[in-house]
Amino acid sequence: MSYDQEDALATLKMRALEESDLGEYRCDVDYKGTVYSSELIALDLRTKPEVVPVESTVTAILGADTSLSVVVKAEPSASPEQITWSTLKITWDDARYSVSEERRSLTINNVTRSDGEGYFSCEVRTDYA
């Protein structure tokens with residue numbers, strides 16, 4: 001903790017936070033026997049989103065439908081608007097590719113050989129990480 005006498009500002013710096021550090025904090029100052037307390041300050045958890053495939057490899061049958069699914073780990077939870085699917089090497093085909101409402105699953109209808117040449121990616125963007 002540091003105190004800047006010029007600005008009368010007390011600062012508590014916390015490094016390498018752990019989940020057990022979460023909660024409410026208050027600054028108490030004892031000045032000549034009288035204790036002054038700040039308002040409670042809540043420390044919330046924000047984590048960098050992590051996208052984990054449900055399966056690392058998906059085997060599809062030509063002409064059939066298949067799905068790619070992910071689990072999104074983020075605190076607070078990522079909203080569907082923050083999740084984007086994309087592909088490299090092949091053109092996105094809106095007629096055959098659809099994303100679930102919660103955006104955690106991509107379905108490819110009528111799988112073709114060119115789908116196997118693509119690289120499908122799921123990305124999560126948040127304001128804090």
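Along the sequence shown, residues carry numbers from 1.
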Listing, residues 58-73 side-chain donor-acceptor contacts under 3.5 Å, not counting sequence neighbours, or none:
from, atom 1, to, atom 2, distance (Å)
D65, OD1, N110, N, 2.8
S67, OG, T107, OG1, 3.0
S69, OG, S105, OG, 3.3

For the student: nearest non-hydrogen atoms of E101 and P80, plus distance: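 Nearest pair, atom of E101 first, then P80: O-CB, 3.8 Å.
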Exercise: identify the closest heavy-atom pair between Q82 and T126: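 Heavy atoms only, the tightest pair is NE2-CA, 3.7 Å.
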Residue pair F120 / I108, side-chain heavy-atom distance below 4.5 Å: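 The answer is yes; the side chains approach within 4.5 Å.
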Heavy-atom side-chain proximity of E50 to V124 below 4.5 angstrom: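 Heavy-atom side-chain distance check fails, nothing below 4.5 Å.
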May I have the list of side-chain donor-acceptor pairs in residues 24-32 shorter than 3.5 Å, sequence neighbours left out?
from, atom 1, to, atom 2, distance (Å)
Y25, OH, D21, O, 2.7
D28, OD1, S37, OG, 2.6
D30, OD1, G33, N, 3.1

Rounded distance (nearest 0.5 Å) linking atom CD of E81 with atom CZ of R103: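 Interatomic distance, E81 CD to R103 CZ, rounded to 0.5 Å: 8.5 Å.
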side-chain contact (heavy atoms from CB on, under 4.5 Å) between I83 and R104, worked out: CA-CA 8 Å; I83 302 171; R104 285 161 172 76; 3.3 Å; yes
Remaining members of the apolar cluster that contains V35, side-chain heavy atoms under 4.5 Å: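 Hydrophobic cluster check, V35: no partners found.
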Could you go through residues 112-119 and list every donor-acceptor pair under 3.5 Å that involves a side-chain atom there, pairing it with any protein atom two or more places apart or in another chain?
from, atom 1, to, atom 2, distance (Å)
T112, OG1, S114, OG, 3.0
T112, OG1, D115, OD2, 3.3
D115, OD1, R96, NH2, 2.8
D115, OD1, Y97, OH, 2.4
D115, OD2, R96, NH1, 2.9
D115, OD2, R96, NH2, 3.2
D115, OD2, T112, N, 2.8

Partner residues of D44 under the side chain to side chain donor-acceptor pair (under 3.5 Å) criterion, sequence neighbours left out: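 By the side chain to side chain donor-acceptor pair (under 3.5 Å) rule, D44 matches no residue at all.
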Set of side chain to side chain donor-acceptor pair (under 3.5 Å) partners for S100, sequence neighbours left out: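 Partners of S100 under the side chain to side chain donor-acceptor pair (under 3.5 Å) test: E102.
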